[in-house]
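In what follows, chains are A, B, ... by sequence order, proteins preceding strands, each numbered from 1. All values below come from the heavy atoms of this structure, side chains included, with hydrogens, waters and symmetry mates left out.
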There are 2 protein chains.
Amino acid sequence: MTIHDHSGKERIDAVRAFNRFYTRQIGVLDEVWLKSAFSLTEARVLYELAHHDGLAASDLVRDLGLDPGYVSRLLKKFEERGLVDRAATEADARRSSIALTPAGREAFAPLNKDSHEQVRALLDRLAPADQERLVKAMRTVQDLLGDKPEPKVPYILRPLRVGDIGWITHRQGLLYAQNYGWDETYEALVAEILGEFVKTFNPQWERGWIAEREGEVVGSVFVMRKSAEVAKLRLLYVEPSARGLGIGARLVDECIGFSRAKGYKTLTLWTNDILGSARRIYQAAGFKLAEEERHHSFGKDLVGQTWNLEL
Amino acid sequence: MTIHDHSGKERIDAVRAFNRFYTRQIGVLDEVWLKSAFSLTEARVLYELAHHDGLAASDLVRDLGLDPGYVSRLLKKFEERGLVDRAATEADARRSSIALTPAGREAFAPLNKDSHEQVRALLDRLAPADQERLVKAMRTVQDLLGDKPEPKVPYILRPLRVGDIGWITHRQGLLYAQNYGWDETYEALVAEILGEFVKTFNPQWERGWIAEREGEVVGSVFVMRKSAEVAKLRLLYVEPSARGLGIGARLVDECIGFSRAKGYKTLTLWTNDILGSARRIYQAAGFKLAEEERHHSFGKDLVGQTWNLEL
DNA sequence: ATCAATTAGTTGACGGAGTCAATGAATCGA
DNA sequence: TCGATTCATTGACTCCGTCAACTAATTGAT
């Protein structure tokens, strides 16, 4: 968990280095195919056909980035060898839907197995924990570079789980340090608040929400009991990468709804005036500024604000 | 932050999916070269020559995984075009050391620039934070798959930084939940201890150490002041992926050294009997078991142990 | 309903990227 | 010293993949 400070150039060089590295890596991995009766591209086509039904030639051209003429000839050869069947589609007489024949599957199976075994051997050289890191890193690369189909559900809210309060402490500590220069005592405060919250947690009166997006924690908020009539909204935060999705407003809404349902009379919160985007959310939700006071905390001179919402 | 549970097959499939994905990705990236007067392989060779001095043909064959005959012809063509110079080496009359001529550098420059710009465009589509994630993930893949020159310094110790206590809380909470089934109150305890520690931190009497390996936190430990004569070692932990490097013992040693230097008479610690690997470290360091008591904590019936070391 | 523009697929012609095997020369090693 | 290995070159060849021209079906704009 270090804070790298990459200039654009360093990042670009790092990506280019990775491309060179993986070009080589793929070259090694592809040697498996060369032993077989199929060329690398033929193998790629077979793979696609084995894993997707009803593909047309144009799909292969698009998905694998190949030349149409080459694919045409390649499929013709496959058909002659009895590896694939082509059937014209009813909807579009130009397209034909291609499928592996049993013989095609039989020819593909050993290829597939070899490739599988080769990757297994590659992974076996790594400790299980490293295998996991590898897979996760690859998935990250793929997610970032691939065409992200904007997640249908942009985010979900869920209750707290083990690991959450540490993670929230970590992220909030870093974010406020980076953005506002707050020192480590802010992180310490978050840790204490959350530790205390979990230890004395009473689901009747209190609750925490985690906003999660594609498996990553991207925000959170807590309602804590201040007195029988007053609930306190605390530690609202949304990851910079997930802003603009309305997560902050949604989290505040949940707090308001919960507080009302539990019979609190007032929902209060404490924040600092420099946190502008949070303030806008509170205002939009109907909170009124009740009090302001200067204070020195987290290594900075700040202006604290108390906001209240009558429920 | 989800807990993935990969069987071997899933991991293998994930790696293969990544290979297919990146094969395609590289295909797209390589289109830059195709516009130029050089083939992809020629461009790769030029890149190597531009970035390393005194290469021999055999080095190119090895590093880029090419056919010797092909490289020979390729270099011959380059030489004819005046792009490279070949000079026989004194040490070995078979080898010749290859270098780009000024004309060669001039021919390579635009290629290199195009590639650079292309990657820049790729990165510009991502938010800065995502660029950072991408670079980090690529580096992880490269480190894991490349011939790892086992890091000369397998780990370093450093003082606490912002973000650490949250991270430690997060990791300890997850690890003990996964391995021993402890509930969220353990994570809460860690959060409170660390929050309190930072808030009341007195460098004269207390200290924390972070073990870091290749930029990742892999362990930590704290010495806290219990009384004028007694120091307490707390929250020792080492990531499973970093065990066997002696990090745990080293962290305990640091604690002992610090406590001695500060004039404490006793170093004490509290642990649970199920934590076997930690116990072995304490015993090896000279700690003596002083007390045992049953207790119910973290959702489990446990046997707590107090160990002491007279300094 | 019509016609231009687009898309799916085919075919011929071609180039040259990359492979394979044989060879010579220098070096290493037991 | 002599066989084995390494570096580099060359001839011969394959076939992968590109490019352009073409047909046929479909789409879409008017």
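- With 3.5 Å as the limit, one finds no donor-acceptor pair spanning the side chains of B/Ser277 and B/Arg243.
- Between B/Arg95 atom CZ and D/dT5 atom P there is a gap of 19 Å when expressed in whole angstrom units.
- The interatomic distance linking A/Phe78 (CZ) with D/dC16 (C1') rounds to 13 Å, in whole Å.
- Side-chain nitrogen and oxygen atoms of B/Lys77 include at least one within less than 4.0 Å of the OP1 or OP2 phosphate oxygen of C/dA17.
- Side chain of B/Lys76, nearest nucleotide from C/dG18, C/dG9, D/dT10: D/dT10.
- Distance A/Leu40 CG to C/dA17 C1': 14 Å, rounded to the nearest Å.
- Applying the 4.0 Å criterion to OP1 and OP2 of D/dT6, one finds that B/Ser58 has every side-chain N and O outside that range.
- Rounded to an integer number of Å, the gap from CG of A/Leu74 to C1' of D/dC15 is 12 Å.
- Residue-level contact check: A/Ser72 touches the bases, meaning some heavy atom is under 4.0 Å from a base atom.
- Comparing D/dC16, D/dA8, C/dA17 by their nearest atom to the side chain of B/Tyr70 picks out C/dA17.
- Rounding to whole angstrom units, CD1 of residue A/Ile98 and C1' of C/dT10 are separated by 13 Å.
- Atom CG in A/Leu66 sits about 8 Å away from atom P in D/dT18, given to the nearest Å.
- Using a distance-only test at 3.5 Å, with no hydrogens or angles considered, no donor-acceptor pair links the side chain of B/Ser96 to the main chain of B/Arg86.
- Dashed line: the shortest gap from a side-chain N or O of B/Ser96 to OP1 or OP2 of D/dC7 is not under 4.0 Å.
- Looking at A/Glu216 and A/Arg171, no side-chain N of the basic residue comes within less than 4.0 Å of a carboxylate O on the acidic one, giving no salt bridge.
- Listed nucleotides: D/dG17, C/dA17, C/dG9. Nearest to the side chain of A/Ser39: D/dG17.
- Put simply, CG on B/Asp59 is 14 Å from P on D/dT6, counting in whole angstrom units.
- With hydrogens and angles left out, the side chain of A/Arg73 and the base of C/dG9 share no donor-acceptor pair within 3.5 Å.
- Here A/Arg62 lies out of heavy-atom contact (under 4.0 Å) with every strand.
- In the set D/dA8, C/dT10, C/dG9, the nucleotide with an atom closest to the side chain of A/Arg86 is C/dT10.
- A salt bridge links B/Arg250 with B/Glu254; the closest basic N to acidic carboxylate O contact falls under 4.0 Å.
- One can place CG of B/Leu64 at 11 Å from P of C/dG18, the figure rounded to the nearest angstrom.
- Distances from the side chain of B/Thr41 to the nucleotides C/dG18, D/dA8, D/dC16 place C/dG18 closest.
- Under the 30°/60° scheme for interplanar angles, the aromatic rings of B/Phe18 and B/Phe21 are found to be tilted.
- Toward the 5' end of DNA chain C, the nearer of the two residues B/Asp67 and A/Pro68, judged by each one's closest nucleotide, is A/Pro68.
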